[in-house]
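Everything numeric in this text was worked out from a predicted model, so none of it was measured.
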Amino acid sequence: TMALHVPQTGLRTMMKDGSQHFSGLEEAVFKNIDACKQIAAIIRSSFGPNGMNKMVVNHLDKLFVTSDAATIIRELEVQHPAAKLLVFASQMQEAEVGDGTNFVLIFAARLMEKSENLLRMGLSPAEVIEGFELAVKKALEILPELVCASVKNVYDKEEVQKVLKSTLASKQFGHEEFLAKLVTDACVTVIPKENTRMPFNVDNVRVCKILGSGVLSSSSVKGMVFRREVEGTVAHVKDAKVAVYSCPVESMQTETKGTVLLKNATELKAFSTGEEDLLEKQIREIKEQGVSVVVSGSKFGDLALHFLNRYGIMAVRLTSKHDLRRLCKTINAVALPRLVAPTSAEIGHVDEVFVDELGDTTITVFRQLDDASQISTIIVRGSTDNIMDDVERAIDDGVNSYKAISKEPRIVPGAGATEIELARRLAQYAETCPGLEQYAIQAFAEALEVVPVTLAENAGMKGQDIVSRLYAAHTKGELNVGVDVQEDGAGVTNALDAGVWDLYETKYWALKFAANAACTVLRVDQIIMSKPAGGPKAPKQGPVDADDD
């Protein structure tokens with residue numbers, strides 16, 4: 001029944017005006033596949049270390065210059081329902097592992113492209129889906145056999161650095177050595193030491209962006225860094241005890257209104273001194289507890305500042321409550337809701353608090369010198385905001401990879417070596433399957449070639465030549481041979497020796513999510529869209545963090 005599809009008039013009368021309806025292979029499935037191919041075409045050219053950057057201007061006129069797939073799609077606001085499914089799959093990958101979003105997208109789209117040929121040949125979507133599901137199951141069985149190394153010790157900086165290098169190279173090619181060292185230092189300081197079984201928390205590595213200098217001037221600090229000045233006159237305290245208040249530090253207003261009748265001038269003079277004496281008493285009590293730094297989440301009153309300066313106490317004001325909480329975590333303090341002298345349990349301790357200038361930005365640094373600092377901050381420098389944003393994204397991926405290593409230390413060879421080996425083994429597996437699903441498994445195997453092909457093409461080499469060389473090497477049993485993006489000539493190299501490693505965790509979930517997304521899109525045979533509602537759009541829901549401004 002390849003006859004022309006006659007539109008259904010019955011459905012039109014049932015639905016509201018303005019609704020659209022597509023059904024059947026031609027209209028629904030191929031349209032969906034096409035949309036997914038389009039989004040992958042955008043993302044493909046920014047895959048791998050030689051990937052190109054994209055300039056995305058989002059609906060708020062903010063400019064993004066990046067090759068990080070997760071950011072690009074998040075800002076693109078994809079409208080097509082099928083392409084959205086792909087986007088969701090890559091967002092799942094971002095949430096689960098934090099890296100490998102690009103792989104999910106291009107692989108899922110390539111799967112659909114391959115399935116389009118099968119469907120045109122006359123296979124039914126059910127057979128294709130069954131084949132894909134068998135293939136991904138088999139691929140995840142083969143994957144552990146390809147593990148070439150594992151991180152023995154997540155506290156060993158050199159070992160970790162090697163692994164993070166490949167993750168960072170695909171985002172900031174050229175700076176990967178430097179950034180890997182930076183991220184490793186920051187992560188290893190904050191991971192809880194042995195036996196605590198506390199998982200590594202990504203939030204404990206902060207990034208503070210300060211304009212000026214170059215990326216290579218970035219550094220990492222144990223503790224917290226805030227881009228603001230201190231309030232009072234004291235600018236440097238060592239070995240400090242810190243009191244943290246979430247309320248304003250000033251004299252409290254009374255709840256009730258009162259009328260005061262003043263008869264003569266002495267009463268007028270005495271009236272305001274009482275208030276001053278009370279405030280001074282409160283601040284003296286804080287000082288007597290040994291406190292040398294007061295941090296407030298709100299404002300400092302003028303009079304309170306005067307007394308704080310008199311007693312030589314440093315005053316720091318933080319506007320974000322997220323920062324206040326993180327600071328409490330860093331220095332083990334308790335944020336007090338009213339201005340009272342803290343008990344010794346509520347006082348935090350920090351080895352050094354000082355004001356520093358980087359470029360023309362004044363920063364306040366809370367630095368812990370001992371190893372067990374719970375939070376570390378990476379200070380990113382760069383000549384423009386866009387560069388710093390991109391470095392921040394790379395660091396973010398690096399930190400997420402570190403978290404993945406701390407859960408699952410196994411490593412597979414990178415540079416497309418894993419994919420080619422999986423493709424080779426799956427192609428063999430396809431030949432052992434009797435039914436029609438063997439064509440789909442074969443297609444799954446061919447779709448895996450998209451990784452080495454894309455890596456090669458982005459580096460300016462001929463994709464198919466490289467793939468045939470890789471197959472030749474892998475057939476000889478050299479399982480770790482992958483694409484060499486730097487070398488002129490052969491174009492293939494042993495990924496293990498070249499230090500191009502991928503995390504097992506990333507590959508595992510990426511294969512899973514991509515296959516899921518492809519099957520979901522193929523399961524659709526009708527699209528029914530009602531007319532979009534008029535009126536203003538609902539605001540975007542999502543977590544609000546102080547860092548996103």
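- In this structure, Glu75 and Glu77 have side chains that are not in contact, with every pair of non-hydrogen atoms separated by 4.5 Å or more.
- Nearest heavy atoms, Gln93 versus Asp99: NE2-O, 2.9 Å.
- Val87 has its side chain within reach of Ile39: a pair of non-hydrogen atoms, C-beta onward, lies under 4.5 Å apart.
- Using modelled atom types and a 3.5 Å distance limit, the side chains of Gln368 and His349 yield no donor-acceptor pair.
- The main-chain N or O of Ser344 is never found under 3.5 Å from a side-chain atom of Lys241 such that the two would form a donor-acceptor pair.
- A donor-acceptor contact shorter than 3.5 Å is absent between the side chain of Arg381 and the backbone of Ser217.
- Looking at Leu339 and Tyr245, their side chains come closer than 4.5 Å, going by heavy atoms from C-beta outward.
- Side-chain contact between Ile363 and Leu358 is present, with at least one heavy-atom pair separated by less than 4.5 Å.
- Side-chain contact check for Asp397 versus Leu168: every heavy-atom pair is 4.5 Å or farther apart.
- For the residue pair Thr384/Asn386, the side-chain donor-acceptor check at 3.5 Å is not satisfied.
- For the pair Glu267 (side chain) and Lys263 (backbone), a donor-acceptor distance under 3.5 Å is present.
- Remark: of the listed residues Arg325, Arg326, Lys321, Arg326 is the sole one forming a salt bridge (charged side-chain N to carboxylate O under 4.0 Å, His left out) with Asp323.
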field: Glu505 vs Arg410, salt bridge (Lys or Arg N to Asp or Glu O under 4.0 Å): CA-CA, chis, key distance, verdict
entry: CA-CA 8 Å; Glu505 185 90 337; Arg410 286 182 289 181; over 6 Å; no
- prompt: For Ile73 and Ser90, what are the C-alpha separation, side-chain angles and deciding distance, and is it a side chain to side chain contact (heavy atoms under 4.5 Å, CB included)?
  reply: CA-CA 9 Å; Ile73 344 168; Ser90 77; 3.2 Å; yes
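- Taken from CG in Leu305 to CZ in Phe307, the straight-line distance is 11.5 Å, to the nearest 0.5 Å.
- Between Leu63 and Met55, some side-chain heavy-atom pair lies under the 4.5 Å cut-off.
- Under the 4.5 Å side-chain criterion, counting only non-hydrogen atoms from C-beta, Ser46 is not in contact with Asn53.
- When atom types are taken as modelled, the side chain of Ser376 and the backbone of Val221 share no donor-acceptor pair closer than 3.5 angstrom.
- To the nearest 0.5 angstrom, Ile387 atom CD1 is 9.5 Å from Asp385 atom CG.
- Atom CD1 of Ile379 is separated from atom OG1 of Thr361 by 10.5 Å, given to the nearest 0.5 angstrom.
- In this structure, CD in Gln282 is found 11.5 Å from CG in Asp277, a value given to the nearest 0.5 Å.
- Here the side chain of Asp396 pairs no donor or acceptor atom with the backbone of Glu392 at under 3.5 angstrom.
- Within a 6.0 Å sphere centred on NZ of Lys299, other residues, nucleotides and ligands contribute 12 heavy atoms or fewer.
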- request: Output, in order, the C-alpha distance, side-chain angles, deciding distance and verdict of salt bridge (Lys or Arg N to Asp or Glu O under 4.0 Å) for Glu158 and Lys162.
  value: CA-CA 7 Å; Glu158 276 187 18; Lys162 281 185 198 158; over 6 Å; no
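- Partner Leu105 forms a side chain to side chain contact (heavy atoms under 4.5 Å, CB included) with one of Ile43, Ile72, Ile42 and no other, that one being Ile43.
- A donor-acceptor contact shorter than 3.5 Å is absent between the side chain of Ser220 and the backbone of Asp185.
- Geometrically, Lys222 does not engage Phe366 in a cation-pi contact, judged by NZ or CZ lying under 6.0 Å from the ring centre and within 45° of the ring axis.
- Taking CD1 of Ile283 as the reference point, atom CD of Glu288 lies at 12.5 Å (rounded to 0.5 Å).
- One N or O on the side chain of Arg227 and one on the backbone of Lys209 form a donor-acceptor pair closer than 3.5 Å.
- With Glu346 contributing its side chain and Thr343 its backbone, the two residues share a donor-acceptor pair below 3.5 Å.
- Neither side chain, Tyr508 nor Glu408, offers a donor N or O lying under 3.5 Å from an acceptor on the other.
- When only modelled atom types and interatomic distance are considered, Ser292 and Lys287 share no side-chain donor-acceptor pair under 3.5 Å.
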query: Does the side chain to side chain contact (heavy atoms under 4.5 Å, CB included) test come out yes or no for Ile286 and Tyr311, once each step is laid out?
result: CA-CA 10 Å; Ile286 294 175; Tyr311 285 113; over 6 Å; no
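- Separation of atoms OG (Ser246) and CG (Leu318) is listed at 11.5 Å; rounding is to 0.5 Å.
- Looking at Arg228 and Thr319, their side chains come closer than 4.5 Å, going by heavy atoms from C-beta outward.
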